[in-house]
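Report on the structure given below.
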Amino acid sequence: MLNCIYCNKPKFTLGKGSKEHAILSSLGGRKLSQNICCEDCNNRLGKSIDDGLSNNLSPISTQLNIKTGRNKKAPTQINAVKLGDESYNLLPTGEMLRSGVQKEFNKSEGVTSFRIIANNKEQALKVLEGQLKAKGKSLNDVKDGIITEVSQYGAQISHTFSFTENDLRSIAKMALTMLATKISPERLRDKAFVNVVNYINGNDEYADDIVFSDTNTELPSEHKLSDINHRIFIYASQEENLCIALVELYGGFKFSVLLSREWCGPNLACCYVIDPITTEKLDYDICFNTNLNLILANRGCQQEKAIQQLKPLFDFITESDLKREEAKIISANLEKFNLVSLDSNCSEEVFKAIVTDLTQMYLKRPSSTRSKLV
């Protein structure tokens, strides 16, 4: 039997513990270990530290439309989008839906007029039918009606990324889980990891020494799949008696984690990389050419550099969003002209309509995402 490293009780046989992900499943992680902890501790830490980090980064998960490691959709962001004075929900598909339908009914001289603003005409008609049914009437009783479809641009998503101590504990837990896939269960339970285990469990005695939001440490550029990939590097030095991890989430959020100052095993250098959209991954040993004491001495976070490191991520989100809008405009015009596809045989009127709509979209559309890192 293996003891759970977080409660130290003998709970499971080798390879039969709770599933712990090196990158949180909610962020698109797939790699896992079942030699770490019991179900009770997994659930406890999931609620106390992992959920907070997941919620903090969920706007990005939604905008990238990732699927979790458990093959679930990214969450809908409620009231995340602002357009003028109105709020919209953001779906993983990139679609924005009004938080509520606006309806206005006025009666004058025996005639009822109405105005409904909805996400689409089908929704507006359904609301109208409901109102009419409550009065014992139907759409056949409507004398005059005008349906106007309006496309609006200029929506903005504003989010502040601020990492709490519990978020950092979740980062440390991911790093330790990655290490667990590379060393024996016996070594994982060595006294060398007592400090980081206690920190993950909520002990703050060594909080100032374990996890840093770190813009000063450069991650190896050659082990990369995309601008939005997750990466974890593990380094352990027999000479320096150190074991550290470098963690990168969505290509822009970077952390260094001190896993042990009492490492007594052999040198170790490895990386795990996964693109959360394509799920393409890298998982292999790498060359050890890193001074770990130098990393610990220099780690820290510079606000301007942190924002700069996030730029490729937000450029990727903006580009993806533009492609979705372009596809929607083309699809809407094909439907309008009763066409199946866009090709050279389409009339000049079709191309003119598409160009007009695309131009309007580009002119009215600002940068889609504003963010602040704390």
Side-chain angles (χ1 to χ4, degrees), residues 5-6 20-24 26-27 29 31 33 36-37 41-42 44-57 60 160-183 188 192-219 230-237 240-263 268 270-272 290-303 305-306 309-310 373-374:
I5 68 170
Y6 297 118
E20 279 285 292
H21 287 78
I23 297 292
L24 294 183
S26 59
L27 304 181
K31 187 179 183 64
S33 171
I36 300 175
C37 68
C41 285
N42 189 358
R44 171 176 61 85
L45 293 171
K47 291 177 182 178
S48 64
I49 64 177
D50 292 340
D51 286 354
L53 180 63
S54 297
N55 292 336
N56 194 5
L57 296 177
I60 293 175
T160 298
F161 295 101
S162 178
F163 295 100
T164 67
E165 197 67 51
N166 278 344
D167 292 336
L168 300 183
R169 294 187 211 278
S170 183
I171 299 292
K173 186 162 76 74
M174 285 193 285
L176 190 60
T177 300
M178 175 62 189
L179 179 64
T181 69
K182 298 297 181 179
I183 64 176
L188 182 67
F193 304 106
V194 169
N195 289 347
V196 70
V197 169
N198 288 342
Y199 172 72
I200 293 168
N201 263 332
N203 187 314
D204 285 333
E205 183 177 359
Y206 297 98
D208 293 338
D209 194 37
I210 294 179
V211 184
F212 277 63
S213 181
D214 192 353
T215 60
N216 294 344
T217 303
E218 295 294 332
L219 276 67
H230 303 309
R231 299 194 290 171
I232 298 183
F233 294 84
I234 299 288
Y235 297 100
S237 169
E240 297 178 274
N241 298 121
L242 290 172
C243 181
I244 69 169
L246 305 178
V247 180
E248 177 184 78
L249 300 177
Y250 289 124
F253 301 99
K254 300 182 181 183
F255 307 86
S256 58
V257 183
L258 172 62
L259 293 173
S260 178
R261 289 187 181 273
E262 300 179 46
W263 176 262
L268 173 66
C270 60
C271 75
Y272 171 64
T290 304
N291 185 320
L292 303 188
N293 274 305
L294 188 59
I295 289 178
L296 295 180
N298 294 332
R299 58 186 176 162
C301 183
Q302 301 175 40
Q303 182 81 5
K305 193 170 182 180
Q309 288 177 346
L310 287 169
L373 181 67
V374 178

Can you see which heavy atom on Asn298 is nearest to which on Asn216, and at what distance? O-ND2, 2.8 Å
Working for side-chain contact (heavy atoms from CB on, under 4.5 Å), residues Ile36 and Leu176: CA-CA 9 Å; Ile36 300 175; Leu176 190 60; 5.9 Å; no
What's the spacing between Phe193 CZ and Glu262 CD if we round to 0.5 Å? 10.0 Å
To the nearest 0.5 Å, what is the distance between SG on Cys270 and CE on Met178? 4.0 Å
Asn42 and Tyr6, any side-chain heavy atoms less than 4.5 Å apart: no
Drop me the distance from Ile232's CD1 to Cys271's SG, to the nearest 0.5 angstrom. 10.5 Å
Note: Val196 and Ala172 closest approach over all heavy atoms is CG2-CB, 4.2 Å
A side-chain contact here means heavy atoms from C-beta on lying under 4.5 Å apart; do Glu205 and Asn198 qualify? no
Please determine whether side-chain contact (heavy atoms from CB on, under 4.5 Å) holds for the pair Arg231 and Val247, giving the CA-CA distance in whole Å, both sets of side-chain angles, and the decisive distance to 0.1 Å. CA-CA 6 Å; Arg231 299 194 290 171; Val247 180; over 6 Å; no
Here the pair of heavy atoms bringing Ala192 nearest to Ser260 is O-OG, 2.8 Å
Measure from the side-chain N and O atoms of Asn56 to the backbone N and O of Gly52, and report whether any donor-acceptor pair falls under 3.5 Å. no
Would you check if Leu258 and Phe212 make a side-chain contact, meaning some heavy-atom pair closer than 4.5 Å? no
Has Glu20 got a side-chain atom pairing as donor or acceptor with Cys37's backbone, closer than 3.5 angstrom? no
Side-chain contact, heavy-atom cut-off 4.5 Å: Asp209 with Leu296? no
Nearest 0.5 Å, what's the CD1-CD1 distance between Ile200 and Ile49? 6.5 Å
Without swapping roles, check the side chain of Ser26 against the backbone of Ser54 for a donor-acceptor pair under 3.5 Å. no
Between the CG atom in Leu179 and the CG atom in Leu259, the distance rounded to the nearest 0.5 Å is 6.0 Å
Given side-chain contact (heavy atoms from CB on, under 4.5 Å), test Leu57 with Phe161 step by step and report yes or no. CA-CA 8 Å; Leu57 296 177; Phe161 295 101; 4.1 Å; yes
Check whether any side-chain heavy atom of Lys173 sits under 4.5 Å from a side-chain heavy atom of Asp50, and report yes or no. yes
Side chain of His230, backbone of Ile23: donor and acceptor closer than 3.5 Å? no
Among Lys305, Arg299, Gln309, exactly one meets side chain to side chain contact (heavy atoms under 4.5 Å, CB included) together with Lys254. Which residue is that? Gln309
What pair of heavy atoms forms the shortest contact from Gln302 to Thr215, and how long is it? N-OG1, 2.9 Å
Working to the nearest 0.5 angstrom, can you tell me the gap between Ser237 OG and Asn291 CG? 8.5 Å
Without swapping roles, check the side chain of Arg169 against the backbone of Tyr199 for a donor-acceptor pair under 3.5 Å. yes
Under 3.5 Å, is there a donor on one side chain and an acceptor on the other for Arg44 and Asn201? yes
Can you find a pair of side-chain heavy atoms, one from Phe253 and one from Ile60, that are under 4.5 Å apart? yes
Grab the two heavy atoms, one from Ser170 and one from Leu53, that are nearest each other, plus how far apart they are. OG-CD2, 3.5 Å
Ignoring hydrogens, what is the shortest heavy-atom contact between Ala22 and Thr177? Give both atom names and the distance. N-CG2, 3.6 Å
Side chains of Tyr250 and Leu310: closer than 4.5 Å at any heavy-atom pair? no
